[in-house]
Protein chains: 2
Amino acid sequence: MSESASTPRKRLPTVNDIARACGVSRATVSLVLRNSPLVGAETRARVEQELKRQGYVYNRAAANLRRRTSSSIALVINDLSNPFFAEFAMGVDEALVDEGFVTLLGSTGESPERQELLLGSLLEHSPAGMILSPAENSDGERLRRLLGNEPPVLVFNRELSASGWDFLALDNRHGARLATEHLLALGHRAIAFFGGHADSSSCQQRRQGYADALDAAGIGIDPRRMIECTPTRVEAAQQTGALFERDPSITAAVCYNDNVALGLKLGLMARGVRPGVDFALTGFDDIPEAAQTSPALTTLAVEPRARGRQAAELLLQRVRDREAPVRRVVAPVQLVVRGSSGAPRG
Amino acid sequence: MSESASTPRKRLPTVNDIARACGVSRATVSLVLRNSPLVGAETRARVEQELKRQGYVYNRAAANLRRRTSSSIALVINDLSNPFFAEFAMGVDEALVDEGFVTLLGSTGESPERQELLLGSLLEHSPAGMILSPAENSDGERLRRLLGNEPPVLVFNRELSASGWDFLALDNRHGARLATEHLLALGHRAIAFFGGHADSSSCQQRRQGYADALDAAGIGIDPRRMIECTPTRVEAAQQTGALFERDPSITAAVCYNDNVALGLKLGLMARGVRPGVDFALTGFDDIPEAAQTSPALTTLAVEPRARGRQAAELLLQRVRDREAPVRRVVAPVQLVVRGSSGAPRG
DNA sequence: CTGAAAGCGCTTACAG
DNA sequence: CTGAAAGCGCTTACAG
């Protein structure tokens, strides 16, 4: 039975075709498909054989239309090339597949405009829910207006003003506090907070945790020790100079995240300052590279894949119970001490 | 107008609701939605206002059902935590969004069993096409039977036997040849091929390119210089010993990929062998870390994001023209020379 | 246990 | 330019 190359797109068999071939109604076929106990064993067997024979493929879109349900979840993230989000996406997808949902992927590249277009397009596919890690500078109220009450949304990672949606975040504040306390315990007193944009919520929270620890140690906050930079490695390396210009007494830095820390590390080495020996630094995220760089990076483990699974589970709970109170879940983070943090020199 | 928290899931407005409110038929509304020139300007304006007023959301699933079309593409990859695939997925998604498609994501984690389940589930959502980067040890004929002729598939990266599907791959053979020739030109003669599984098609091709270059240089292939290992950093670091045990004269290695090369680098440093000075090595992929590690890694740039866009475009061409001949596209790779490759010692 | 009928939200000829 | 009718592939009461 050779397939002709010019065969026009074959129509897939439908419940109708199966029903006709078996001499039953399509209701019966539908019941067999969903394993209803209403169908007799003999009929079921006949139908199942015919399904296999014709290579029947269930049309979930048609079923969803009729049942007014949906079996997809939209996942909107900024940037898959960030390992943190890539791992997160993996976790989301794993958990969703286990629950019989399929993931509709969208990436915004941190552009609020692109995000709006994307959301509009995703909505037309009527997802049962959405996991949204908002692009920087997203307008919460605008998004709320765009999305309305359908579908339910779980916001991840970045706080959105006035959204009224469930929210899952990392414990940024506590994490940064742990890192700062660790450096204090090693004897550091002149500690910078390095990297990130001061107007992003996660940066604010991490700076807050840093301030908490300094306060508790009776050390004042010195604005010269707060250095902003785009959280990329290259930018961070370039800002290394600014760090020492503004306060030459600095012996340690709590970095906004691992990428920034790794960039700072490069910047330090380029100036002949040995990370982990002459200067202590900590990151945030525990990306795979943190353990493998030399000296290995002291950082905060956030387990993005587990966060992904958690996000999927929270959202599905919401999908199943729309009336439950809005949730705000803060996931714990863990300090992982490695070689990059050392005692102060001198 | 406060929203009651106990409002049962609001039904979204449909073409029917709009038509009724405007006093036109739903056919007219449908025409407005798709910008048909058949509708009068005044009617169109009235309908459009009403669409906005009621917050109408197009139901693409219903439209697709009726038109027998699809606006989704399934993307099946192994592992998003591999930056190569994450970048590839970004590229695919970017290109698909631009063409009005949405991405159905699925990840197999290199498990053929999980892959089959996943494909079954994705098929039920009737994607217009599928981009499939097969799990290792996939059975091509089995997949072909499972997927049939619908939807069209573009296989990426890993050759599948007897599939009859379009195929996009990297020029593994040529790339490995370039790397090997580069090491030869630097004076190396005892060059290993390090890492990868000998039964994977990409490893075979890279080994072939390595052999091509050695052949051309009149150097025989020595099986002691071919070391297998799972392409992870940890594994590669652990196999470093095996490399020198099997042939202590080795001065350079063409590595299966960047992860392997970075692992080998760690293994070398742990033994006091300085990469780029005492020993030369090359990678494959040019992951971001390759440029940032020290010494930076000589490798082959494959531009995964561009490959993703290319894959999406090839697939969409197939979706639009089912009768075109099957294609086999080999994407070029570029040698990027950095510090990790140096002249032989002594 | 099985079948006939209606309907999910759209689009597509076909009349007018 | 607009409307009435049929239908995409399913499911869901409702009869029998």
Side-chain angles (χ1 to χ4, degrees), chain A residues 9-48 50-51 54-72 100 123-128 150-151, chain B residues 9-48 50-51 54-72 100 123-128 150-151:
Chain A
R9 186 180 195 152
K10 258 195 317 212
R11 206 175 60 75
L12 289 171
T14 72
V15 281
N16 244 321
D17 301 315
I18 306 298
R20 198 174 312 127
C22 293
V24 300
S25 78
R26 40 194 225 273
T28 303
V29 176
S30 174
L31 292 173
V32 170
L33 284 173
R34 278 161 315 119
N35 284 312
S36 159
L38 295 178
V39 186
E42 197 270 336
T43 313
R44 164 179 302 283
R46 244 174 50 230
V47 171
E48 273 171 350
E50 189 63 21
L51 287 167
Q54 295 200 29
Y56 174 80
V57 177
Y58 188 68
N59 185 329
R60 206 166 279 283
N64 281 331
L65 177 59
R66 176 60 234 256
R67 304 182 60 188
R68 322 190 82 246
T69 57
S70 165
S71 50
S72 63
L123 283 185
E124 297 188 348
H125 289 86
S126 12
E150 200 53 46
Chain B
R9 185 177 196 156
K10 257 194 318 209
R11 206 174 59 74
L12 289 171
T14 71
V15 280
N16 243 321
D17 301 317
I18 307 297
R20 199 173 312 127
C22 293
V24 300
S25 78
R26 36 193 227 273
T28 304
V29 177
S30 175
L31 292 173
V32 170
L33 284 173
R34 279 161 313 120
N35 284 312
S36 160
L38 295 177
V39 186
E42 198 269 335
T43 314
R44 163 179 303 281
R46 244 173 50 230
V47 171
E48 273 171 351
E50 189 63 21
L51 288 168
Q54 294 199 28
Y56 174 79
V57 177
Y58 189 69
N59 186 329
R60 207 165 278 283
N64 280 330
L65 177 59
R66 177 58 233 259
R67 304 182 61 189
R68 322 190 83 248
T69 57
S70 164
S71 51
S72 62
L123 284 185
E124 297 187 348
H125 289 86
S126 9
E150 200 51 46

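Within every chain, numbering begins at 1; the chains are lettered A, B, ... in the order of the sequence lines, protein sequences first and strands thereafter. Values below: every heavy atom of this structure, side chains too, minus hydrogens, waters and symmetry copies.
Residues B/Leu33 and B/Leu51 are in side-chain contact: their nearest non-hydrogen atoms beyond the backbone lie under 4.5 Å apart. Using a 4.5 Å heavy-atom cutoff, the side chains of B/His125 and A/Ser71 are in contact. The shortest distance between side-chain heavy atoms of A/Val29 and A/Tyr56 does not fall below 4.5 Å. Residues A/Val47 and A/Leu31 fail the side-chain proximity criterion, which asks for heavy atoms closer than 4.5 Å.
When heavy atoms are screened at a 4.0 angstrom cut-off, A/Val57 is found touching the sugar-phosphate backbone but no base atom.
At a threshold of 4.0 Å, the pair A/Arg46-A/Glu42 counts as salt-bridged, since one of the basic side-chain nitrogens sits closer than that to a carboxylate oxygen.
Between A/Arg46 atom CZ and C/dC1 atom P the separation is 14 Å, expressed in whole Å. Note: CZ (B/Arg20) to P (D/dA4) measures 13 Å, nearest angstrom. Distance CG (B/Asn59) to P (C/dC8): 12 Å, rounded to an integer number of Å. Atom CG in B/Leu65 sits about 7 Å away from atom P in D/dG9, given to the nearest Å. Straight-line distance from the CG atom of A/Asn16 to the P atom of C/dG3: 13 Å, rounded to whole Å. In this structure, A/Ile18 atom CD1 and D/dG9 atom P are separated by 13 Å, rounded to whole Å. Note: CZ (B/Arg60) to C1' (D/dG9) measures 19 Å, nearest angstrom. Atom NE2 in A/His125 sits roughly 15 Å away from atom C1' in C/dG9 (whole-Å rounding).
Between A/Ser25 and the phosphate of C/dG3, there is a side-chain N or O to OP1/OP2 separation shorter than 4.0 Å. Contact annotation: B/Thr28 reaches the phosphate of D/dG3 (side-chain N/O to OP1 or OP2, under 4.0 Å).
Searching all strands for a Watson-Crick or G-U wobble partner of D/dG16 with both distances below 3.5 Å returns C/dC1.
Taking CG of B/Asn64 as the start and CG of A/Asn59 as the end, the distance is 10.0 Å to the nearest 0.5 Å. B/Asp17 CG to B/Arg26 CZ: the interatomic distance, rounded to the nearest 0.5 Å, is 11.0 Å.
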I'd like a list of close polar pairs between nucleotides 11-13 of chain C and the protein, N/O only, cut-off under 3.5 Å.
unit_1: C/dT11; atom_1: OP1; unit_2: B/Arg34; atom_2: NE; d: 3.2
unit_1: C/dT11; atom_1: OP1; unit_2: B/Tyr58; atom_2: OH; d: 2.4
unit_1: C/dT11; atom_1: OP2; unit_2: B/Ser30; atom_2: OG; d: 2.4
unit_1: C/dT11; atom_1: O2; unit_2: B/Arg66; atom_2: NH1; d: 2.3
unit_1: C/dT12; atom_1: OP1; unit_2: B/Arg67; atom_2: NE; d: 3.1
unit_1: C/dT12; atom_1: OP2; unit_2: B/Arg34; atom_2: NH1; d: 3.1

